Amino acid sequence: VSKAQKSGPVVFQPSFDVGSNVNLTLVSELKKSIYNNELSVFVQPKVNLQSRAVRSVEALIRWKHPTRGMIFPDQFIPFAEQTGLIRDVTLWMIAEAAKVSVAWLQKGMSIPIAVNISARDLIDSDFPNKVAEILKATGSNTSLISLEVTESSIMDDPHRAKQTLLHLSEMGIKLAIDDFGTGYSSLSYLKELPVSELKIDKSFVMHIEASQNDRIIVNSTIELAHNMGLHVVAEGVENIDAWKSLQEMGCDYGQGYYMSRPIPISDFETWYQQWA
Ligand code: C2E
Ligand code: CA
Ligand code: CA
Ligand code: CA
């Protein structure tokens, strides 16, 4: 089917080259990965910085490749986006997250799961309907699944993105703006979107102790978000000092290695019991 198969032996590469050309080996392997059960969902908690309570978890994809080992999303999501495979990947993630959320609920753990979606999903006017179908089929509901969209994916096609986000929001799905501060979106535009959460990019949070500039950026972003009626999540909380600074600044939630690295679903229950 793919060109990679026709062009004879494939040269082994230790990792994928996320360059300008689509890596055909990766594309054909990625196509199969979904059906071969090689994709896996890791989760990382978002916790309330005042009460320590777990608010939700973010689902982060991992590819357990049979020969290359664990492949992180930065190594294959860009290819999936370029080729359109991302649509299947996103729907697979939402379905997995939906199943997990239902299983947790049955164990008394009412923890919403946030899934990352990409620009391609936002321009697909049928995407909200597909999400609704998945939720129905898995017995999940819109209060258990939320979606994270980056600033830059919205700005690819702001008009269509807005339509899709409105549709999702009307269905009752909560939306977050991811990587805030790294894109080029206009604030006046973001104001019109039906989002309830703003995530400050980890690049501003990780050096909050050392860099006064970063502190200023984080502080004003928190203020801005609150003025817009949004709650704020700081990514990249790596130590107790960062936690305390963010707490003093009035940041609502935090996520980062200090609380937990992204972990397999099967490890989460243990983490959750120890945290509580
Ligand atoms: P993101 O959505 O901004 O996710 C946060 C990334 O920061 C994750 O990397 C996470 O492991 C990492 N991180 C969390 N806490 C800390 C910390 O305290 N310090 C540092 N240095 N890093 C931290 P990961 O899992 O490698 O994911 C990278 C990116 O890949 C994500 O960035 C997201 O944009 C994308 N991605 C992951 N899963 C999916 C997916 O299912 N679909 C799509 N479309 N994109 C995904
Ligand atoms: Ca995210
Ligand atoms: Ca992010
Ligand atoms: Ca990011």
Side-chain angles (χ1 to χ4, degrees), residues 15-16 18 30 33-34 38-47 49 56-64 70-98 100 112-124 127 131 134 145-154 156 161 174-183 185 195 197-209 214 218 221 232-243 245-246 253-265 271:
S15 73
F16 297 116
V18 188
L30 186 58
S33 69
I34 300 185
E38 292 166 19
L39 299 181
S40 155
V41 181
F42 277 43
V43 291
Q44 186 183 37
K46 304 182 191 180
V47 311
L49 292 174
S56 58
V57 299
E58 177 176 4
L60 294 156
I61 198 165
R62 300 289 182 260
W63 182 2
K64 292 179 174 167
M70 173 117 89
I71 306 178
F72 285 82
D74 290 341
Q75 291 274 312
F76 66 93
I77 290 293
F79 284 113
E81 287 174 339
Q82 285 170 50
T83 55
L85 278 176
I86 190 70
R87 291 178 177 213
D88 287 343
V89 171
T90 300
L91 296 176
W92 182 84
M93 282 296 280
I94 293 173
E96 290 299 302
V100 171
I113 304 183
V115 176
N116 292 283
I117 65 171
S118 68
R120 290 262 192 158
D121 303 311
L122 284 174
I123 59 168
D124 175 4
F127 176 69
V131 175
I134 292 172
I145 298 296
S146 68
L147 301 173
E148 298 191 359
V149 280
T150 63
E151 277 189 279
S152 52
S153 68
I154 293 169
D156 261 17
K174 293 267 187 297
L175 303 165
I177 300 281
D178 206 353
D179 296 358
F180 186 77
T182 63
S185 51
V195 298
E197 178 176 293
L198 192 151
K199 297 188 78 177
I200 306 178
D201 191 68
K202 58 178 182 288
S203 60
F204 302 110
V205 178
M206 281 163 59
H207 309 114
I208 202 169
E209 292 310 300
D214 287 353
V218 170
T221 305
V232 193
V233 180
E235 302 180 336
V237 180
E238 294 189 344
N239 51 58
I240 184 70
D241 294 331
W243 176 308
S245 299
L246 290 160
Y253 304 97
Q255 189 181 353
Y257 294 168
Y258 176 66
M259 296 76 126
S260 171
R261 289 190 171 251
I263 50 176
I265 303 286
W271 178 89

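Since the model is a prediction, treat every value here as computed from it, not as a measurement. Indexing begins at 1, ligand by ligand and atom by atom, following the structure's order.
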Donor-acceptor check, side chain of Asp214 to backbone of Val205, threshold 3.5 angstrom: yes or no? no

Among the heavy atoms of Met206, does any lie under 4.0 Å from an atom of ligand 1? yes

Give yes if a backbone or side-chain nitrogen or oxygen of Ile117 is under 3.5 Å from a nitrogen or oxygen of ligand 1, and no if not. no

At a cut-off of 3.0 Å, list the protein N/O/S atoms near the Ca ion (ligand 2), residue plus atom name. Glu58 OE2, Asn116 OD1, Glu148 OE1, Asp178 OD2

Does the Glu81 side chain pair with the main chain of Ile86, one donor and one acceptor, at a distance under 3.5 Å? no

Identify the two heavy atoms, one from Ala59 and one from Val41, that lie closest to each other, and give their separation to 0.1 Å. CB-CG1, 3.8 Å

Minimal heavy-atom distance between Ala114 and Glu148, with the atoms involved, is CB-OE2, 3.6 Å

Ile86 heavy atoms, cut-off 4.0 Å: which ligand 1 atoms fall inside? 44 (N)

Considering residues at least two apart in sequence or located in another chain, which fulfil the ring-ring contact (aromatic ring centres under 6.0 Å, His included) criterion with Trp92? none

Please identify which atoms of ligand 1 are closer than 4.0 Å to at least one heavy atom of Gln44. 14 (C), 15 (N)

Atoms in ligand 1 flagged as close to Asp179, the criterion being non-hydrogen separation under 4.0 Å: 3 (O)

Just which atoms of ligand 1 are under 4.0 Å from any heavy atom in Pro262? 11 (O)

For ligand 1, find out whether one of its N or O atoms is nearer than 3.5 Å to an N or O atom of Thr90. no

With a 4.5 Å cut-off on side-chain heavy atoms, are Pro112 and Lys174 touching? no

Starting at CG of Asp201, measure out to NZ of Lys199 and round the result to the nearest 0.5 Å. 10.0 Å

Distance check, rounded to the nearest 0.5 Å: Met70 atom CE versus Lys64 atom NZ? 6.5 Å

If only side-chain N and O atoms count, and only distance matters, is there a donor-acceptor pair under 3.5 Å linking Asp121 with Thr90? yes

Roughly how far, to the nearest 0.5 Å, is the NZ atom of Lys202 from the CD atom of Gln255? 9.5 Å

Member of Val131, Leu60, Ile94 meeting the side chain to side chain contact (heavy atoms under 4.5 Å, CB included) criterion with Val115: Ile94

Side chain or backbone of Val89 under 4.0 Å from ligand 1, or both, or neither, by non-hydrogen atoms? neither

Taken in chain and number order and not counting sequence neighbours, the residues that satisfy salt bridge (Lys or Arg N to Asp or Glu O under 4.0 Å) with Arg87 are Asp124

What I want to know is whether Tyr257 and ligand 1 share at least one N or O pair that is separated by under 3.5 angstrom. yes

Residue list, salt bridge (Lys or Arg N to Asp or Glu O under 4.0 Å) with Glu96, at least two apart or on another chain: Lys99

Gln255: heavy atom below 4.0 Å from ligand 1, yes or no? no

How long is the span from the CH2 atom in Trp271 to the CE atom in Met259, to the nearest 0.5 Å? 8.0 Å

Quick note on ligand 1: atoms under 4.0 Å from a heavy atom of Met93 include exactly 41 (O)

Identify which of Asp201, Asp178, Val149 has a heavy atom lying nearest to atom 1 (P) of ligand 1. Asp178

Within a distance under 4.0 Å of any heavy atom of Pro73, pick out the atoms of ligand 1 and give their elements. 24 (P), 25 (O), 26 (O), 27 (O), 28 (C), 30 (O), 36 (N), 37 (C)

Suppose I only count heavy atoms of Glu58 and a 4.0 Å limit; which atoms of ligand 1 are within that range? 2 (O), 4 (O)

Going by the order shown, which atoms of ligand 1 are within less than 4.0 Å of some heavy atom of Asp74? 28 (C), 29 (C), 30 (O)

Could you name the option among Leu39, Leu60, Val115 that has the heavy atom nearest to atom 10 (C) of ligand 1? Leu60

Is Arg62 near ligand 1, meaning one of its heavy atoms is under 4.0 Å from it? yes

